[in-house]
Structure formats: C-alpha cells, structure tokens
Amino acid sequence: MATERTRKHQSKRKNGGNLNGLYLAVSVVLILAVILGGSIVFFKINTIEVEGNVHYTEEQIVDASGVNLGDNLLLTRDPTVVARLLTQLPYVSSVSLSHQLPDTLVITVTESDAQAAIYDGSGSWWLMDSSGKLLEQVDSDTGGASDGEDSSGDLEPEPEAEEADTSEAEASSSGVTPEEEAVVMPDPPEGYLTITGLTLALPEAGSVIAVEDGERSQSLMLESLLNLLPAFQNRGLLDGVVSIDLSGESVIIVNYQNRLTIRLLQDEDYDYKAKLILGVLESYVDTTWEEGDTGTLDLTFSDGDPRLTKD
C-alpha cells in the first residue's frame, strides 16, 4: 500500500512538472508574440535621413534604396538596401545604414569623384574614377559639321562615284572599314584628364572599364592603367596629369602639366615609377627649368634609370 501511494505521489509530481513546463513554453511564446507585435507597431520608419550625398538628391537616394515610410525599422534588410544603391547610383562607392530608435533610418553614402574622361573608341567619352569605374557618359560637341551640313549650314555636294570608289579602295587597303573610318572622336569634356587608346567593351555607367576578350595588348594596357592611376594619385601626381595615351604597342605616354612628356612601359611597378618621377620633378624640373621649358622624361630603358631631356 505504501509503495502504491508513493507511485501515485510521484505520478502527480511528474504531471505537475509537465504542466509547469507547458505553461512556461506557452508564456515564452506569448512574450515573443507581444515583442514582435510591438516591434511591428512601434518601430515603423517615420523619418529617413541622408548624409554624404553630393551628386544625388536626398529624394533620388531614398527612391533608389527601396525603403518607404511605414516600413519596419528593425526588419529593414541592410545588405539589400546597400546593393540597390550601389547598383542604381554609379557615383555611390559605399553605403552604411544606421537605425535611430524609435523611427529613424539614416543612410550615409560616400560618392566617387570623376578623375578622368576616357574615350571608348566608338565615339563617346565617359567619366570614370581612379578605380576605373564608369560614372556617366558625356555628351560632347565636336564643333564640326554633321548630318551632311558644313559649318555654314549649306549642304555638302555629293561626292562623285569615282571618288567614292577610290576612297573605299583606300580604306580597304589600309584595313579600316568605311564605318570605322567614319567614327570621329568628339572633343573631350573640359576639366578632366583624358585617356585614349582603348576600345571599351560594352561600357555602362556603374561598371568597371573592360576590353574585349582576346585583345591581349589592350588587356595589358587596361591592367597597367588601373595600376597606374592609384599609384599616381597616392603620390600626388594625378592632379597634374593632362592626358594618358595607351595606343602604343607597349609604351604609355603621359602628358604632365603640358610641360613634361613621360614615357612608361606597361605592366610596371608604378608606385616606384611615381616615386622616381617625383624625384626628377623636385630635383630638376621644378628647380632648374625656366617657365615655358618643356621636355621628355623617359622611363622605358632596360636599366630602369630615368632619362630627362629638354626640348
């Protein structure tokens, strides 16, 4: 009898423990539901602030973010918002989001500066930053005639058939098609260093410059350019560069301040080369040359030593 009473007592204790555990689980679920419901009700976004914007308006950035007033602040997916802004707004280089409880989302952007204008080889100029990211296509007026009109507005006379045939024959013998020959490089935009000599593949705002696959010489020049620009920028030389010509087989021609023609080989240690250039500028050009003097700094020799000559 005592054993049976003991068993009944243990069974009651076990059932009571199970009920307590069930009550505890239900209580936790209810508490979580209250917290979730409260966050949905009380953490709606009522204010969106934008910081760091220069090229874009606050409205443009908010629209591109995809965040709307009334969205839940705690459920906003930061990586998704960042990806939208980086994809849709080419000048934006980085984004950070912060939540100011109870109802404010702060979007802080860092924007790229256009450091150069690059010719795409097909009739257009593009602004780009020092990393090679294309920011926007630039409309530029060549100042010449178009659509069959000369600068006075009169129609040009139609060429005679014989002259047209001769022109096509000459183009064929030179390996240039009439279509390619007709592409005229427009005037570059003012205020930017210009880059020529590459034929860009499918240029698009927000993408990094690229050339066609299989164009090895162009690929090497492109790689060299993307290494040269930050090296010059880090050494404080980029602001003095007027133009960069990549049309050579293996030599890069840099116009520095319309005063010095710098010759560089492709695929080099450009940080070291920039250091050499600075040394030549400080020791010779800036101290011993007179105003108006021009010359060439050649860094293409096999011994690695720079050769400076004055015109």
Side-chain angles (χ1 to χ4, degrees), residues 35-143 186-195 198 200-210 225-226 229-230 233-234 238-239 241:
I35 292 174
L36 179 60
S39 68
I40 293 175
V41 173
F42 296 110
F43 293 103
K44 289 184 177 181
I45 297 174
N46 291 320
T47 305
I48 302 176
E49 297 179 358
V50 177
E51 299 176 350
N53 55 308
V54 177
H55 292 90
Y56 302 109
T57 65
E58 182 174 329
E59 183 180 1
Q60 286 176 308
I61 291 176
V62 171
D63 287 346
S65 73
V67 179
N68 299 302
L69 297 179
D71 290 351
N72 185 267
L73 183 66
L74 301 181
L75 299 181
T76 301
R77 295 181 179 274
D78 290 7
T80 302
V81 175
V82 170
R84 288 195 195 110
L85 289 168
L86 293 176
T87 301
Q88 298 182 35
L89 304 178
Y91 275 95
V92 174
S93 59
S94 66
V95 181
S96 64
L97 304 182
S98 59
H99 303 163
Q100 294 183 357
L101 299 178
D103 61 359
T104 300
L105 174 68
V106 180
I107 303 175
T108 303
V109 299
T110 301
E111 296 185 4
S112 298
D113 291 325
Q115 297 287 350
I118 186 169
Y119 181 62
D120 65 4
S122 302
S124 298
W125 288 92
W126 293 76
L127 297 185
M128 57 174 271
D129 64 14
S130 59
S131 71
K133 180 183 179 182
L134 296 174
L135 302 176
E136 62 176 305
Q137 187 176 6
V138 180
D139 293 328
S140 181
D141 184 8
T142 61
D187 293 336
E190 296 182 359
Y192 301 96
L193 83 89
T194 59
I195 301 172
L198 294 178
L200 303 187
L202 302 175
E204 183 179 358
S207 66
V208 176
I209 54 176
L225 174 67
L226 295 180
L229 290 175
Q233 187 174 47
N234 292 338
L238 197 59
D239 288 342
V241 176

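The structure displayed is predicted, hence computed values, not measured ones.
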Nearest heavy atoms of Thr108 and Glu51, plus distance in Å: OG1-OE1, 3.3 Å
Those residues at least two apart in sequence (or on a different chain) that pass side-chain hydrogen bond (donor to acceptor under 3.5 Å, both in side chains) with Asn46 are Asp103
Ala117 versus Tyr192, closest heavy-atom pair with distance: N-CB, 3.9 Å
Do Val241 and Gln115 pass the side chain to side chain contact (heavy atoms under 4.5 Å, CB included) test, and can you show the C-alpha distance, the side-chain angles, and the key distance before you say yes or no? CA-CA 10 Å; Val241 176; Gln115 297 287 350; over 6 Å; no
Taking side-chain contact (heavy atoms from CB on, under 4.5 Å) as the definition, give me every residue that meets it alongside Gln137, ordered by chain and number, with sequence neighbours left out. Ser124, Trp126
Asn53 and Ile107, any side-chain heavy atoms less than 4.5 Å apart: no
Write down the atom of Leu229, the atom of Ser130, and the distance for their closest heavy-atom approach. CB-O, 3.6 Å
Is any side-chain heavy atom of Leu89 closer than 4.5 Å to a side-chain heavy atom of Val109? no
Quick one: pull up CE in Met128 and CG in Leu135 and give me the separation to the nearest 0.5 Å. 8.5 Å
Looking at residues at least two apart in the chain, or sitting in another chain, which of them share a side-chain contact (heavy atoms from CB on, under 4.5 Å) with Glu59? Thr57, Asp63
How many angstroms lie between CG in Asp239 and CD in Gln233, if you round to the nearest 0.5 Å? 8.0 Å
Check side-chain hydrogen bond (donor to acceptor under 3.5 Å, both in side chains) between Ser122 and all other residues, then give those that pass, not counting sequence neighbours. none
Spatial distance of atom CG (Leu105) from atom CG (Asn72) [nearest 0.5 Å]: 11.5 Å
Contact between Asp129 and Ser93 at the side-chain level, heavy atoms closer than 4.5 Å - yes or no? no
By side-chain hydrogen bond (donor to acceptor under 3.5 Å, both in side chains), which residues pair with Thr47, not counting sequence neighbours? none
Leu202: which residues meet the side-chain contact (heavy atoms from CB on, under 4.5 Å) condition with it, sequence neighbours left out? none
Heavy-atom check, side chain of Ile118 versus side chain of Leu134, under 4.5 Å: yes
Suppose we screen for side-chain hydrogen bond (donor to acceptor under 3.5 Å, both in side chains). Which residues come up paired with Glu58, at least two apart in sequence or across chains? none
Taken to the nearest 0.5 Å, the spacing of Ile195 CD1 from Asp120 CG works out to 12.5 Å
Atom CD1 of Ile48 and atom CG of Leu97: how far apart are they, to the nearest 0.5 Å? 10.0 Å
Show every donor-acceptor pair shorter than 3.5 Å between a side-chain atom in residues 80-88 and any protein atom, with sequence neighbours excluded, or say none if there are none.
residue, atom, partner, partner atom, Å
Arg84, NH1, Ser65, O, 2.6
Thr87, OG1, Ala83, O, 2.8

What distance do Leu73 atom CG and Thr104 atom OG1 have between them, rounded to the nearest 0.5 Å? 7.5 Å
Which heavy atom of Gly132 sits nearest a heavy atom of Leu226, and at what distance? CA-CD2, 3.7 Å
For residues 46-81, the ring pair (Phe, Tyr, Trp, His ring centres under 6.0 Å) pairs (sequence neighbours left out) are His55-Tyr91
Might you point out which heavy atoms bring Pro90 and Ala205 nearest each other, and give the distance in Å? CG-CB, 3.8 Å
Those residues at least two apart in sequence (or on a different chain) that pass side-chain contact (heavy atoms from CB on, under 4.5 Å) with Asp71 are Ile45, Val67, Asn68
Could you go through the side chain to side chain contact (heavy atoms under 4.5 Å, CB included) check for Val54 and Asp113 one step at a time? CA-CA 10 Å; Val54 177; Asp113 291 325; over 6 Å; no
Between Val208 and Ser131 the two heavy atoms that sit nearest each other are CG1-O, 4.2 Å
